[in-house]
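Structure first, commentary second.
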Amino acid sequence: MRIYLDNNATTALDPLVIDRMGRAMRDVWGNASSVHHFGQQAKAALDEARGQVAAFIGAEASEILFTAGGTESDNIAIRGAAEALEPTGRKHLITSAIEHEAVLNTMKALAKRGWRVTTVPVDSSGIVSIDRLRDAITDDTALVSVMHANNEIGTIQPIAELAAVAHEKGALFHTDAVQSAGKIPVDVRALGVDMLTIAGHKFYGPKGTGALWLKRGVRLITPITGGKQERSRRAGTENVPALVGLGVAAGLARQKPETDAPRLAVLRDRLEAGILSSIRGTERNGAAAPRVANTTNISIDRVEAESLLIGLDLAGIAVSSGSACSSGTLEPSHVLKAMGLPHPRTLGSIRFSLGSANTDADIDRVLEVLPPLVEKLRSLTTVGAKR
C-alpha cells in the first residue's frame with residue numbers, strides 16, 4: 001500500500017478532469033483564433049473554462065488570464081505591474097520573507113534592474129504582520145505581493161487587511177493563492193486584491209495550467225509578446241484540452257472547502273497529535289490557526305529530514321520537507337529560517353499535506369511507521385557520533 005501525503009506539491013487528476021480532457025483532445029483540436037467551425041469550437045471550450053475559473057474565485061470571465069501555471073502568473077503580475085508603474089516613479093516593491101520562490105526570485109530579478117525591494121519579516125507564527133507592512137510601505141510603493149496560504153506550514157495570511165494598507169498608499173496588491181484555492185473559499189472581491197494567482201495542479205487539475213485574475217482597470221506591460229491571444233496579454237496558441245481540464249477542476253473545487261476541509265482537518269489534527277505525543281522532541285511549526293485544513297509541518301529533533309523522507313518512502317509513504325520547487329537542495333527551508341527557528345529544527349522538518357483520497361487508515365499507517373523509524377535513525381546517529 002502506498003500513501004500519498006504530499007498534496008501541496010501536486011495532486012492527482014480528478015477522474016472527471018481526465019475524461020473531459022480526453023474528449024477535448026479527441027474532438028476539440030482547432031485553433032481558438034481561427035474563424036471557422038473548428039476554431040470556434042475551441043474558442044467556445046475556452047470560454048466555458050474561463051467562466052468556470054471565474055466562478056471559482058468570484059470573478060468575471062473577462063478578468064481571467066490563462067497561463068501555464070502559478071510561476072508564470074506570478075511573473076506576469078509582478079513584472080507587468082512594476083514595469084507599467086515605472087514611469088510614475090513608483091519603483092518600490094514589497095513582499096514577505098515566506099513567499100514561494102516564484103515571487104521571491106522575481107523580486108530579486110527586479111531589484112537587479114533598479115527596483116527597491118523590501119522583504120517584510122515574520123515571527124515564529126508564520127503570519128505577516130499588518131503593522132510591519134504599514135511600517136514598510138511608502139509613497140513610491142508600486143506593488144505589494146503576499147501569498148494567501150503558505151505552501152510549507154499552511155498559515156493563512158490576513159490578505160484583506162494587508163491589501164487595505166497597500167491601497168491607502170495607492171499601491172497595487174497581488175496575492176499568490178496557489179495553496180489556498182480549493183482548500184478554503186477564495187473570493188477576489190472579499191479579499192480586496194488587484195491580482196490573484198492560481199494553479200490547476202494544486203486542486204486536482206492538470207499541470208501546466210494556471211490563471212491570473214486581473215481586476216478590471218489594472219494595467220500590465222506583458223512580458224510575453226506575440227499574437228493577440230488572451231486579449232493581447234499572453235501570446236501563444238492556447239492549450240485547449242489542458243485549459244478545459246482546468247475549468248472542470250475549478251468547477252469541482254468550488255464545493256471542496258465546504259465538503260472536504262472539515263474531514264481533512266480531523267485527519268490532520270489526529271496525525272499531528274499522534275506524532276507530537278508518540279515521538280520525543282517534536283514540535284509543530286507555525287501557528288495552529290488560521291491554517292489550511294490539510295497541512296502540518298513538524299520538526300523532529302536529532303533526525304535529518306532527508307533520512308526521514310527516504311525511510312518513509314521505503315515504507316510506501318510519500319511526504320516532503322518543504323516546497324517541491326526547492327527539492328534537491330541541502331539548504332534548510334527559507335520559510336522556517338524566516339520564522340527564526342534554530343538551524344537544527346529547520347533541518348529536521350517534515351511537511352504532511354493531505355488530499356481528498358486520504359483516509360483514517362493512512363493516518364494509522366503513518367503513526368505505526370514513523371515512531372520506530374525515528375528511533376532507528378536516532379540510534380544510528382548516536383552510534384556514528386560515538387565512533
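Note that the structure is a prediction, hence the values are computed from the model and not measured.
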Does [X] reach the main-chain N or O of [Y] with its side chain, forming a donor-acceptor pair under 3.5 Å?
X	Y	answer
Thr67	Gly69	yes
Thr119	Ala97	no
Thr295	Gly154	no
Arg268	Glu272	no
Asp74	Thr71	no
Tyr4	Ala357	no
Thr175	Val146	yes
Gln229	Ser33	no
Lys202	Thr11	no

Report yes or no: do [X] and [Y] belong to one cluster of Ile/Leu/Val/Met/Phe/Trp/Tyr joined by side chain heavy-atom distances under 4.5 Å?
X	Y	answer
Ile279	Ile317	yes
Val128	Val335	yes
Leu196	Ile94	yes
Leu85	Ile137	no

Give a yes or no on whether [X] atom [atom1] has more than 12 heavy-atom contacts from other residues, nucleotides or ligands under 6.0 Å away.
X	atom1	value
Arg189	CZ	yes
Lys43	NZ	no
Gln41	CD	yes
Gln255	CD	no

>> Between Arg134 and Glu161, does any side-chain N to carboxylate O distance fall below 4.0 Å?
In response: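 The answer is no: the pair does not qualify as a salt bridge.
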Donor + acceptor pair across side chains of [X], [Y] (<3.5 Å):
X	Y	result
Asp123	Ser125	yes
Ser96	Arg132	no
Ser320	Arg351	yes
Thr346	Ser349	no

Donor-acceptor pairs are to be reported for all side-chain atoms of residues 208-215 against protein atoms at under 3.5 Å, with residues two or more places apart or in another chain.
| unit_1 | atom_1 | unit_2 | atom_2 | d |
| --- | --- | --- | --- | --- |
| Thr209 | OG1 | Pro206 | O | 2.7 |
| Trp213 | NE1 | Glu63 | OE1 | 2.9 |

> So, for Gly205 and Val17, which heavy atoms are closest and what is the spacing to 0.1 Å?
Replying inline: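 Residues Gly205 and Val17, closest heavy atoms: CA-CG1, 4.5 Å.
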>> Which heavy atom of Arg284 sits nearest to which heavy atom of Arg345, and what is that distance?
In response: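 So the two residues come closest at O-NH2, 3.1 Å.
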>> With a 4.5 Å cut-off on side-chain heavy atoms, are His92 and Lys169 touching?
In response: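 Side chain of Lys169 against side chain of His92, heavy atoms only: no contact under 4.5 Å found.
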> Does some side-chain heavy atom of Arg291 sit less than 4.5 Å from a side-chain heavy atom of Thr296?
Replying inline: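 Sidechains of Arg291 and Thr296: in contact.
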>> Quick one, Arg263 with Asp260, criterion salt bridge (Lys or Arg N to Asp or Glu O under 4.0 Å). Give me CA distance, side-chain angles, the key distance, then yes/no.
In response: CA-CA 6 Å; Arg263 184 184 70 85; Asp260 221 19; 3.5 Å; yes
> How would you list all residue pairs meeting salt bridge (charged side-chain N to carboxylate O under 4.0 Å, His left out) that involve residues 83-99, not counting sequence neighbours?
Replying inline: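 Pairs touching residues 83-99 that pass the test: Glu83-Arg113, Glu86-Lys91.
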Please list, one pair per line, the donor and acceptor atoms closer than 3.5 Å that link side chains of residues 49-56 to other protein atoms, with sequence neighbours excluded.
| unit_1 | atom_1 | unit_2 | atom_2 | d |
| --- | --- | --- | --- | --- |
| Arg50 | NH1 | Ile64 | O | 2.9 |
| Arg50 | NH1 | Glu230 | OE1 | 2.8 |
| Arg50 | NH2 | Glu230 | OE2 | 3.0 |

